[in-house]
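Whatever order the structure lists ligands and atoms in, that order sets their numbers, starting from 1.
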Amino acid sequence: MRLDKFLCDMQLGTRSQIRESVRKGLVSVNGVPVKSPDHKVDEKRDSVTYMGEALTYQCFYYYMLHKPAGVVTATRDRREPTVMGLMSDARGKDLFPVGRLDKDTEGLLLVTNDGELAHRLLAPRKHVEKMYYVECTGVLTADGIASLESGVDIGDEERTLPAKVRLVSQTENAYVMELAITEGRFHQVKRMVQTVGGSVTYLKRLSMGTLTLDAGLPKGSYRPLTEKELLDLRSCAD
Ligand code: URA
């Protein structure tokens, strides 16, 4: 690959800034300053340094974001703050959120620039499980649980696929449950709860496939996935 593309993928500046740096001799390949931006490098074998600092080539980046309420799941929006606004200092070109959480939903959001993995995780036929912590008003009956577990009519062409329900607590007119679904329809959890006579008051995504929200990650923060998290996630979308 061209040296300027290598450096651009590493987010060392705009293409013209990078060319300028190369021409100034700030970049070395295998210990030798290279002044031509179209010099070819082997990203796996060559050792590239920028101002003396060694660069390991990476073009795909994977982050776990703890989405807070109040930001929209979009790369940009004219009116509302976005999840990507929380990640302006993250490395990686063209990052985007995988799937969508509502503005008032919190929890796990995967952010990457790996379109292929994102596509596989979201493909309906893969049935990747998403687990939500759900606080609701209303009463969840045994019949309600059975309906959610077998699939409900939320007004779409097809009923929802069977979900897993774990009732966490219940008072006279409110309940908390964990709900695992394998689809990603618009407002799906909220609409499913409506069909059993409840209303969601708080929603948080806990996991997506094998990837679980890090309990130590503060709301609004992000961190790169570990190697194991990424390997596991890849294999659950295979
Ligand atoms: N289901 C919803 O209703 N909202 C979300 O944000 C995610 C799933």
Peer 1: Determine whether K204 and H66 satisfy the following criterion, side-chain contact (heavy atoms from CB on, under 4.5 Å), listing intermediate values before the conclusion.
Peer 2: CA-CA 10 Å; K204 178 178 184 176; H66 187 163; 4.0 Å; yes

Peer 1: Can K103 and V71 be said to form a side-chain contact (heavy atoms from CB on, under 4.5 Å), step by step?
Peer 2: CA-CA 5 Å; K103 187 175 168 188; V71 292; over 6 Å; no

Peer 1: Tabulating one pair per line, provide the atom names and distances (0.1 Å) for every N/O atom of ligand 1 that is less than 3.5 Å from a protein N/O atom.
Peer 2:
from, atom 1, to, atom 2, distance (Å)
ligand 1, 1 (N), V189, N, 3.1
ligand 1, 3 (O), H187, O, 3.3
ligand 1, 3 (O), Q188, N, 3.4
ligand 1, 3 (O), V189, N, 3.3
ligand 1, 3 (O), K190, N, 3.1
ligand 1, 4 (N), D102, OD2, 2.7
ligand 1, 6 (O), D102, N, 2.7
ligand 1, 6 (O), D102, OD2, 3.4
ligand 1, 6 (O), T105, OG1, 2.8

Peer 1: Could you tell me the separation between the CG atom of D46 and the OG atom of S28, rounded to the nearest 0.5 Å?
Peer 2: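 It comes to 12.0 Å.
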
Peer 1: What class does the angle between the rings of Y202 and Y133 fall in, given that below 30° is parallel, 30 to 60° is tilted and above 60° is perpendicular?
Peer 2: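 Ring orientation, 0 to 90° scale: perpendicular.
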
Peer 1: Does T171 have any side chain to side chain contact (heavy atoms under 4.5 Å, CB included) partners at least two apart in sequence or in another chain, and if so, which?
Peer 2: N173, A174

Peer 1: I need the S221 OG to M64 CE distance, nearest 0.5 Å.
Peer 2: 12.0 Å

